[in-house]
Amino acid sequence: MLNEADFIIVGGGSAGCALAHRLSEDPQHRVVLLEAGPSSDRFWVKVPAGLTRILADPEINWLYSAESDPTLKGRRVIWHAGKMLGGGSSINGMVYIRGSRHDYDGWAANGCTGWSWDEVLPYFKRSERFEGPDSQSHGKHGFLGVAPLRIVHPLADAFIEACTQVGLRTIEEYCDGDLDGAFINYATQQNGQRCSTEHGYLRAAEGRPNLQVETGALVDRVLFDGHRACGVRYVRNGTVRDIRCRGEVIICAGTVQSPAILLRSGIGPGQQLQGFGIDVRVDAKEVGRNLHEHPSMPSMRLVNVPTYNVTKNPLRLGSEVLNYFLFRRGMLSTCSVHAMAHARSRPDLPYPDIKLQMLPLCLEPKTRALHKEYGITITINVTPPASRGEIRLRSSNPADHPSIDHRMYDHPSDLERMRAGHHFANRLFDAPALRKYVVGTLFPEKTVLSDTEWDDLLRQNSSIGFHAVGTCRMGSDESAVVDPSLRVRGVVGLRVADCSIMPLMPSCNTNAPAVMVGEKCADLVKQAAKVS
Ligand SMILES: Cc1cc2nc3c(=O)[nH]c(=O)nc-3n(C[C@H](O)[C@H](O)[C@H](O)COP(=O)(O)OP(=O)(O)OC[C@H]3O[C@@H](n4cnc5c(N)ncnc54)[C@H](O)[C@@H]3O)c2cc1C
């Protein structure tokens, strides 16, 4: 193992692997990537339909348990997060989506100079290796495999038609910054397999002598020489190790862990740090704050056509398995979301604030196992949510999971908009295109409820969308954690690059945006290295 590098990257997830690839393109740069988990090279990670198998594995999933949430009747929500190379891209639902023009123009208008839609779009395209037809909207030469779904369930087309029947537009190409309507989504995959950033970016950099990837390396904190970051302390196989850095340390440990590493390094709210006996290097009040996540609750119906509830028909399950292994086709080759839509909770809103995902399957409401009858799900998210939570330390020990204090429905508008989202889903199921397939209600059991009953049901059953952002907020103001070049305020030689820097959640799933952040960070670091 090297004990010195030009660039140390902490966390080999969606952003971290992209960054490691790009920084090591220059053979002059010695790059070390430290990842707490193992490689993602395992069978069920590669199979698109393998999600439920990998979510149950604590070796590759952080499986955080959030604090008891008073806005959810005291429930604790499990926060899944990839703990392996590829991070979230190795464990996620594989939906490919970039966000809306107004998301990023909003960032730029609020102090994130250089992050408007027109400025981030080239990074989305640069990252992408699109398997579909040539198009101005997509990149062909990147390392993140993106493909049209190998199989689109007929109910996805019915969902799109139902959306038009209740007044939404149909969008043919949703990667151009317009999400105001309904569309069939793409998947982050290549040749019928999941394309994580380990699979895409790291494999393509394999063999570079100037890139060293260390797995099983749990980073404790950043080391400093005065105000300059000069290395990283981490634990591997029970041994504490230090690695020194000539250039920069870049933290890419995700929305939960990046702020925790800053806090253990003495950068955060002074009082909290002192409480754990950590010397305060920079009293940065916002580290860990501004946590926001998609509230999420499904609406499920039983239907009269075969869906992916294959346990009803073991013969079909067998033929699907064969189809996948012989031809990489069929049900196992596809991500579970087949269509999406964005709608408004109120007609006067300038932009949609309800996100809907359609899945041609349904789960047992209590056990979350695949239901034995055929069904369809529309999952509803509020986007962006107005509620804010916080990440704090539980102790100064890196092995202790940080405390996730989410408070999902702290802001009343999130509950109101979630209710509106469910009313909208009910209208979709009642629209002629879908109504003819629906034979029963699965969850919620009743579709007509008073507002109080809805609120009760939502607090009792909502979970998260797994798109947390915001805990190392980027901005130009004094209290932002990082500036628009992703440099941590108050110190030198330290950046953060992952979902935690997003000041406001883009109105979408967050894997492609995280990769975009990694790509853009690489250019920022390379430019700075040229100047110095
Ligand atoms: C179950 C699930 C489903 C999802 N579905 C989708 C989807 O369909 N489409 C989509 O676009 N997005 C989806 N997402 C979200 C998306 O995958 C994540 O937002 C994205 O991967 C986050 O990227 P990141 O770079 O910010 O962090 P991550 O990818 O989480 O990377 C952080 C990395 O740092 C490592 N790390 C953390 N702490 C330390 C430490 N102390 N020392 C060393 N290493 C450390 C982690 O193990 C991890 O590998 C989903 C997420 C989940 C969990």
Side-chain angles (χ1 to χ4, degrees), residues 8-19 33-40 48 51-52 54-55 59-64 78-99 144 146 185-189 194 196-198 214-222 232-236 250-262 264-265 293-294 296 335-337 340 357 359 379 397-402 463-472 496-502 505-506 508-518 521:
I8 302 176
I9 300 168
V10 177
S14 299
C17 287
L19 182 60
L33 172 63
L34 299 173
E35 164 57 42
S39 162
S40 70
L51 188 60
T52 46
I54 54 181
L55 286 183
E59 204 196 330
I60 53 172
N61 184 352
W62 288 92
L63 282 167
Y64 302 113
I78 297 296
W79 284 43
H80 297 289
K83 185 185 181 181
M84 58 187 137
L85 286 172
S89 70
S90 296
I91 205 176
N92 70 18
M94 292 174 44
V95 169
Y96 179 80
I97 187 164
R98 299 170 178 171
L144 189 68
V146 177
N185 50 279
Y186 302 119
T188 311
Q189 69 183 129
R194 171 189 294 276
S196 68
T197 51
E198 179 190 14
E214 185 97 322
T215 52
L218 178 69
V219 170
D220 174 3
R221 59 192 161 98
V222 180
V232 158
R233 175 159 298 168
Y234 66 101
V235 185
R236 189 162 192 270
I250 305 124
I251 303 179
C252 304
T255 295
V256 174
Q257 296 269 5
S258 285
I261 294 170
L262 288 185
R264 290 195 295 268
S265 309
E293 185 26 306
H294 277 140
S296 176
C335 65
S336 51
V337 177
M340 299 173 79
Q357 301 191 143
L359 295 79
T379 296
N397 181 350
D400 284 344
H401 286 180
S463 184
I464 55 170
F466 304 109
H467 306 132
V469 304
T471 51
C472 299
V496 181
D498 55 30
C499 283
S500 72
I501 62 96
M502 298 179 186
M505 180 187 277
C508 63
N509 315 38
T510 39
N511 183 44
V515 174
M516 175 276 287
V517 171
C521 181

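Bear in mind the structure is a predicted one, so any value in this text is a computation, not a measurement. Each ligand, and each atom within it, is numbered from 1 in the order the structure gives. Heavy atoms only: backbone and side chains are in, while hydrogens, waters and symmetry mates are out.
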Rounded distance [0.5 Å steps], CE in M505 versus OG1 in T510: 6.5 Å
Numbering as shown, the atoms of ligand 1 that approach C499 to under 4.0 Å (heavy-atom distance): 19 (O), 22 (C), 26 (O)
Per-atom contacts, ligand 1 versus S89 - under 4.0 Å to a heavy atom: 21 (O)
Residue-ligand contact I261/ligand 1, heavy atom below 4.0 Å: yes
Atom 11 (O) of ligand 1 [closest protein heavy-atom partner, distance rounded to 0.1 Å]: N511 N, 2.8 Å
Close approach, W62 and ligand 1, non-hydrogen under 4.0 angstrom: yes
M94 and ligand 1 - part of the residue with a heavy-atom distance under 4.0 Å: backbone
G88: numbered ligand 1 atoms lying under 4.0 Å from its heavy atoms: 17 (O), 21 (O), 28 (P), 29 (O), 30 (O)
Parallel, tilted or perpendicular, as decided by the 30° and 60° cut-offs, for the rings of F466 and H80: tilted
Atom 31 (O) of ligand 1 - nearest protein heavy atom and its distance: G13 CA, 3.2 Å
Shortest reach to atom 48 (C) of ligand 1 by a heavy atom, considering only A36, G16, G82: G82
Main-chain N/O of T197 paired to S89 side chain as donor or acceptor, under 3.5 Å: yes
Contact atoms of ligand 1, heavy-atom distance to G93 under 4.0 Å: 3 (C), 4 (C), 5 (N), 6 (C), 7 (C), 8 (O)
Shortest heavy-atom approach to atom 32 (C) of ligand 1 - which of A497, C508, G99, C252: C252
Donor-acceptor under 3.5 Å (N61 side chain, A81 main chain): yes
Protein contact of atom 18 (C) of ligand 1 - nearest heavy atom, named by residue and atom, plus distance: T510 OG1, 3.8 Å
Geometric N/O contact M84 with ligand 1, under 3.5 angstrom: yes
Minimum side-chain heavy-atom gap R194-Q189 below 4.5 Å: no
Nearest-contact summary for atom 9 (N) of ligand 1 - protein heavy atom, Å: V95 O, 2.9 Å
Rounded distance [0.5 Å steps], CG in L33 versus CD1 in I9: 5.5 Å
Region of A514 that comes within reach of ligand 1 [heavy atoms, distance under 4.0 Å]: side chain
Short N or O distance, L51 and ligand 1, threshold 3.5 Å exclusive: no
Flag side-chain contact, heavy atom, 4.5 Å: L34 against R236: no
The one among N509, V515, T188 that brings a heavy atom closest to atom 10 (C) of ligand 1: N509
Protein residue, atom and distance nearest to atom 35 (C) of ligand 1, heavy-atom basis: E35 OE1, 3.2 Å
Any donor-acceptor N/O pair, R98 side chain to M516 backbone, under 3.5 Å: no
T188/Y96 under side-chain contact (heavy atoms from CB on, under 4.5 Å): CA gap, chis, key distance, verdict: CA-CA 5 Å; T188 311; Y96 179 80; 3.7 Å; yes
V10 N/O under 3.5 Å from ligand 1 N/O: no
Expected output: side-chain E293 to main-chain H467 donor-acceptor under 3.5 Å: yes
Check: V95 main-chain N/O paired with N185 side-chain donor or acceptor under 3.5 Å: no
Polar side-chain atom of S500 near backbone of T255 as donor-acceptor pair, under 3.5 Å: no
Numbered atoms and elements of ligand 1 in range of G87, under 4.0 angstrom, heavy atoms: 29 (O), 48 (C), 49 (O)
Nearest protein heavy atom with distance in Å, relative to atom 4 (C) of ligand 1: N92 CB, 3.1 Å
Close-contact set for ligand 1 against D498 heavy atoms, below 4.0 Å: 24 (P), 25 (O), 26 (O)
Numbered atoms and elements of ligand 1 in range of H80, under 4.0 angstrom, heavy atoms: 53 (C)
Backbone or side-chain N or O of A81 under 3.5 Å from ligand 1 N or O: no
Identity and distance of the protein heavy atom lying nearest atom 27 (O) of ligand 1: G254 CA, 3.6 Å
Any donor-acceptor N/O pair, S258 side chain to A253 backbone, under 3.5 Å: yes
Atom 25 (O) of ligand 1: the protein heavy-atom neighbour that sits closest, reported with distance to 0.1 Å: A15 N, 3.0 Å
Atom pair CG (N92) and OG (S14), whose distance is rounded to the nearest 0.5 Å: 6.5 Å
R264 (side chain) donor-acceptor with V219 (main chain) under 3.5 angstrom: yes
Flag, side chain of E198 to backbone of G86, donor-acceptor distance under 3.5 Å: no
Ligand 1 atoms in contact with A217 (distance to a heavy atom under 4.0 Å): 42 (N), 43 (C)
Identity of the nearest option to atom 42 (N) of ligand 1, non-hydrogen atoms only, from V469, V219, T255: V219
